[in-house]
Amino acid sequence: MAESKELQVKDKQEVASPAEQTRPGIVFTPEVDIFENEQQLKLLADMPGVAPNDVKIDLNDSVLSISGEVKPFEGKDESDVLIEFEIGRYYRQFTLSEGVDQSKIEAKLEDGVLRLTLPKAEKAIPRQIVVTAR
């Protein structure tokens with residue numbers, strides 16, 4: 001996959017925090033697919049087990065941060081028989097260029113997949129100039 005100029009992906013790595021964490025648990029890096037066309041970038045992040053109200057998306061100084069928490073499903077009187085995914089948190093960051101219209105970013109979480117739509121800024125959208133004759 002060719003790397004887009006509008007979005008620079010950091011290599012997959014263990015998430016390390018500069019400070020000690022205040023909450024115990026595992027932090028995962030979600031797998032991400034990025035698709036691009038002339039109008040926008042689509043970012044699909046796999047975050048199974050995360051509910052929509054447990055997803056947090058921050059945009060600060062052109063750094064897009066996504067995080068989500070997987071909470072235990074069992075009740076007080078229940079115990080796990082089979083677990084499809086581990087309990088913990090997801091966290092990943094992306095650096096956005098000026099080619100992304102940051103004010104129009106949209107997000108949707110469905111079936112464990114976070115879908116981010118990053119529209120390109122007008123100046124980044126290719127266009128054709130029409131030539132006229134008098």
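Quantities reported herein were computed from a predicted structural model and do not represent experimental measurements.
- To the nearest 0.5 Å, atoms CG (Leu116) and CZ (Phe94) are separated by 8.0 Å.
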side-chain contact (heavy atoms from CB on, under 4.5 Å) between Phe35 and Leu41, worked out: CA-CA 6 Å; Phe35 302 95; Leu41 296 163; over 6 Å; no
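- Asp58 meets the side chain to side chain contact (heavy atoms under 4.5 Å, CB included) test with Lys56, Ser65; sequence neighbours excluded.
- Ile57 and Ala107 get closest at one heavy-atom pair: CD1-CB, 3.4 Å.
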Working for side-chain contact (heavy atoms from CB on, under 4.5 Å), residues Thr132 and Val130: CA-CA 6 Å; Thr132 60; Val130 177; 4.3 Å; yes
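- Side chain of Asn37 to main chain of Gln39: a donor-acceptor pair is present (N/O by atom type, distance under 3.5 Å, no hydrogens or angles).
- Atoms CG and CG, from Leu114 and Leu44 in turn, are 8.5 Å apart once rounded to the nearest 0.5 Å.
- For the side-chain hydrogen bond (donor to acceptor under 3.5 Å, both in side chains) condition, no pair includes a residue of residues 105-116, sequence neighbours left out.
- Here the CG atom belonging to Leu64 is positioned 7.5 Å from the CG atom belonging to Leu43, to the nearest 0.5 angstrom.
- Here the closest heavy-atom approach between residue Tyr91 and residue Val27 is recorded as CB-CG1, 3.9 Å.
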Show, in sequence, the C-alpha distance, side-chain angles and deciding distance for Ser62 and Gln102, and conclude whether the side-chain contact (heavy atoms from CB on, under 4.5 Å) test is met. CA-CA 8 Å; Ser62 296; Gln102 296 181 14; 3.2 Å; yes
Would you please test Lys71 and Asp54 for side-chain contact (heavy atoms from CB on, under 4.5 Å) and show each step? CA-CA 9 Å; Lys71 294 182 178 173; Asp54 293 325; 3.2 Å; yes
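- Note: Leu96 CG to Asp61 CG = 11.5 Å, rounded to the nearest 0.5 Å.
- Remark: Gln40 CD to Ile105 CD1 distance equals 11.5 Å, nearest 0.5 Å.
- Contact of the Ile66 side chain with the Val55 side chain is not registered, since no non-hydrogen atoms from C-beta on lie closer than 4.5 Å.
- Partners of Asn53 according to the side chain to side chain contact (heavy atoms under 4.5 Å, CB included) rule, which considers only residues two or more places apart in sequence or in another chain, are Ala51.
- We find the NZ-CG distance between Lys104 and Leu118 to be 13.0 Å, quoted to the nearest 0.5 Å.
- Asp46 is not listed as a side-chain neighbour of Tyr90, based on a closest heavy-atom distance of 4.5 Å or more.
- Contact check on Asp101 versus Lys120 returns no salt bridge, with no Lys/Arg side-chain nitrogen under 4.0 Å from an Asp/Glu carboxylate oxygen.
- Remark: the backbone N or O of Pro30 is paired with a side-chain donor or acceptor of Arg92 at under 3.5 angstrom.
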